[in-house]
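Some notes on the structure that comes next.
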Amino acid sequence: MPEIHEVFTPMAPAAHAFAGRHQAADLAAALSAPGRQVLVHGPSGAGKTTLAVHTLGRLGLRSALTYCRRTGDLLDAARAAEPVHGVVPPPPSTADGIASWLVTHDLAWALEDVHKLPPPAQSHVVEVMRACAAHGGAGRVVALTTAPALPGDGALGGALARIALAPMTPDELDRMLVAGAAALNVDIPLWMRLGIVEHAGGHPAICHQFALMLCVEADVYQRSPQRRTIPDEAFARARARTPTTLL
């Protein structure tokens with residue numbers, strides 16, 4: 001019986017309230033090409049991590065996920081790798097060793113918020129990408145960032161697939177809301193969904209936050225045994241608690 005924080009997840013990849021995106025086909029093609037490294041870029045809250053996690057899972061690829069920090073380096077990130085699909089051993093302690101770790105275990109390493117790493121660490125990401133590409137196997141880096149390029153990544157040439165993640169369309173956001181509402185067995189009226197979509201401005205994270213607040217204001221905290229309709233008065237209160245921008 002899912003709870004609202006498992007369904008509407010503004011700060012984490014979506015599991016229940018997820019809508020497919022047309023960029024998923026491009027990402028799947030890149031992940032299926034031996035040696036191909038991937039850079040997915042778009043604004044904060046655009047759904048880069050959710051798209052990557054779902055696509056990796058759909059393809060059945062072994063993967064690990066790391067959330068990058070401004071104070072960390074690449075090795076810190078590697079040591080903090082969280083398995084997403086399949087069990088993986090801890091990585092070695094050098095940049096070259098990280099590439100060997102990925103190649104040996106056919107592992108796709110998703111790095112969220114690469115732009116937060118210091119420039120030298122971002123350059124190390126590119127070095128790992130180059131080593132993985134040279135091997136030509138399934139080991140790869142999937143860099144998730146707000147920037148369209150990493151320092152020195154031009155040297156990768158065709159070995160790097162760049163995928164721009166534009167804001168979600170109104171239809172994509174609405175399908176996401178419908179999926180989340182179904183998971184909780186609640187009805188979010190069409191006029192509310194349209195208001196949420198407009199407020200979100202194409203950002204799935206804002207859409208998730210609004211829907212989460214909507215459920216809180218309606219006293220919905222987990223899947224309801226009986227179908228419930230979100231009351232009208234919950235909408236304005238939820239909107240007041242939901243920002244229109246993300247840091």
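FYI, the numbering just counts along the sequence from 1.
Residues forming a salt bridge (charged side-chain N to carboxylate O under 4.0 Å, His left out) with D171 (at least two apart in sequence, or on another chain): R175. Residues passing the side-chain hydrogen bond (donor to acceptor under 3.5 Å, both in side chains) test with E217 are R237, R241, sequence neighbours excluded. Every residue two or more places apart in sequence or in another chain that forms a side-chain hydrogen bond (donor to acceptor under 3.5 Å, both in side chains) with T49 is listed here: E112. With sequence neighbours excluded, the residues that form a salt bridge (charged side-chain N to carboxylate O under 4.0 Å, His left out) with R162 are D153. Take R193 and apply the side-chain hydrogen bond (donor to acceptor under 3.5 Å, both in side chains) test, not counting sequence neighbours, and it matches D174.
Residue M11 qualifies as open at atom CE: its count of foreign heavy atoms under 6.0 Å is 12 or below.
W101 and V114 fall within a single hydrophobic cluster, where Ile, Leu, Val, Met, Phe, Trp and Tyr side chains are chained together by heavy-atom contacts under 4.5 Å. Residues L56 and V40 share a hydrophobic cluster, clusters being chains of Ile/Leu/Val/Met/Phe/Trp/Tyr side chains in contact below 4.5 Å. In this structure, Y221 is a member of the same hydrophobic cluster as V7, with clusters built from ILVMFWY side-chain heavy atoms closer than 4.5 Å. Residues I196 and I230 share a single hydrophobic cluster, defined by chaining ILVMFWY side chains whose heavy atoms lie under 4.5 Å apart. When the side chains of ILVMFWY residues are joined at heavy-atom separations under 4.5 Å, either directly or via intervening members, L61 and L27 end up in a single hydrophobic cluster.
Checking side-chain atoms of N185 against main-chain N and O of S224 turns up a donor-acceptor pair under 3.5 Å. Remark: the backbone N or O of G35 is paired with a side-chain donor or acceptor of Q37 at under 3.5 angstrom.
Between L39 and the options I163, V126, L160, a side-chain contact (heavy atoms from CB on, under 4.5 Å) holds for only L160.
For the 3.5 Å distance criterion, the side chains of W109 and T66 qualify, holding a donor opposite an acceptor.
Annotation: ring pair (Phe, Tyr, Trp, His ring centres under 6.0 Å) contacts involving residues 4-36, sequence neighbours excluded, comprise F8-H208, F18-H54.
Put simply, the side chain of L177 reaches to within 4.5 Å of the side chain of C207, judged on heavy atoms.
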